[in-house]
Amino acid sequence: MEGTEKKILFSAVQPSGAVTIGNYIGAIRNFVGLQEDYNCFYAVADLHAITVKQEAAVLRKNTLSLMALFIACGIDPAKSILFVQSHVPAHCELTWVLNTITYPGELSRMTQFKDKSAKHAENVNMGLMDYPVLMASDILLYQTALVPVGADQKQHLELSRDLAMRFNNRYGQTFEVPEPYILKGNGARIMSLADPSRKMSKSDENPNAFITMTDDRDTIIRKCKRAVTDSGNEVRCSEDKPGVSNLIAIYNAFTGNTNEQTEREFEGKGYGDFKLAVGEAVADALAPIQSEQARLLKDKAYLDSVMKEGAGKAFRAARRTLSKVYRKVGFYSGE
Ligand code: TRP
């Protein structure tokens, strides 16, 4: 029955290198809980990844490890549709059609396009510019109602909504217009350990600025010990203590503490003790995920079967929308 159907939720992560604890806390971890309340589609966005240069063998490896990481983090292929974007050709097919209702100005104005063009000046390609249209296709193909997105993807989601409405206006009701899904309470934004005014990013030149999901215990603890803190020595969350506040956010994310609990726990203790505790909490939390991911990566047959099954389900859902689109725009499909 219509009213009782779960809403559709879509998200994707690019397999472009290491996944940081920022990606985990801000995105992947939340995907797990959402599985209970929504019909979730989670994709490994390999088509998006090639908009910047990728080594073919490395991309293949990263795709498999991201799939294993999704499962190791608790995304259950029996509950969610877990697939690799390039395995479902409808993403490219819909992108072509949506391109015909997208204006170049809309794309050249995108903040991420401008940033990435500056950063990859030697490789400003059409794919980089068209990236948000592909993302709109990802979302619109599944009649997605909700998209959990961080601040850096809000503008892209806005374009997806515009394109859905534009298409619906021109051709009649075809797409659900997606809404952003605001993560409960702490959509915690994890900042760089070296410069807490910047978001933690795996593409930071300084490897001490981020912790990845595959860093070992010693590395994690070393990076936490080196994290920049602020003047004074009090473990307290406040605007004038961005470094300490960021470490508190990380600590809370892995222990479930509130700010007050953490402040109380470290009352009278200095930054040194606190940083060690943060490192240990992160390492403890990642250890079971890391061992499960390693186990899964040894079982390629299983991972292949998950991808194949996910792609099959996604394909069938996507085809329904794509056929409708093809009909609306006037593609002949026989009598
Ligand atoms: N562009 C997103 C990112 O880099 C990944 C992504 C691709 C995505 N397609 C999506 C996210 C659709 C949400 C919905 O984070």
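First listed ligand is number 1; within each ligand, the first listed atom is number 1. All heavy atoms count here, side chains included; hydrogens, waters and symmetry mates do not.
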Visitor: For ligand 1, run through the N/O pairs with the protein that fall under 3.5 Å and put one pair on each line.
Guide:
from, atom 1, to, atom 2, distance (Å)
ligand 1, 1 (N), Tyr131, OH, 2.6
ligand 1, 1 (N), Gln153, OE1, 3.2
ligand 1, 4 (O), Gln14, NE2, 3.0
ligand 1, 4 (O), Tyr131, OH, 3.1
ligand 1, 9 (N), Asp138, OD2, 2.6

Visitor: Would you call Glu106 and Arg166 a salt bridge, using N to O less than 4.0 angstrom?
Guide: yes
Visitor: Holding to side-chain hydrogen bond (donor to acceptor under 3.5 Å, both in side chains), I want the full list of residues that pass it with Thr321, two or more places apart in sequence or in another chain.
Guide: Gln143
Visitor: Would you mind checking if Glu267 and Arg264 are paired as a salt bridge, meaning a charged N to carboxylate O distance below 4.0 Å?
Guide: no
Visitor: Do Asp215 and Thr212 meet the criterion of a side-chain donor-acceptor pair at a distance under 3.5 Å?
Guide: yes
Visitor: Give me each pair satisfying ring pair (Phe, Tyr, Trp, His ring centres under 6.0 Å) with a member in residues 296-326, each pair once, sequence neighbours excluded.
Guide: Tyr326-Phe331
Visitor: Please enumerate all residues that pass ring pair (Phe, Tyr, Trp, His ring centres under 6.0 Å) together with Phe266, with sequence neighbours excluded.
Guide: Tyr251, Phe274
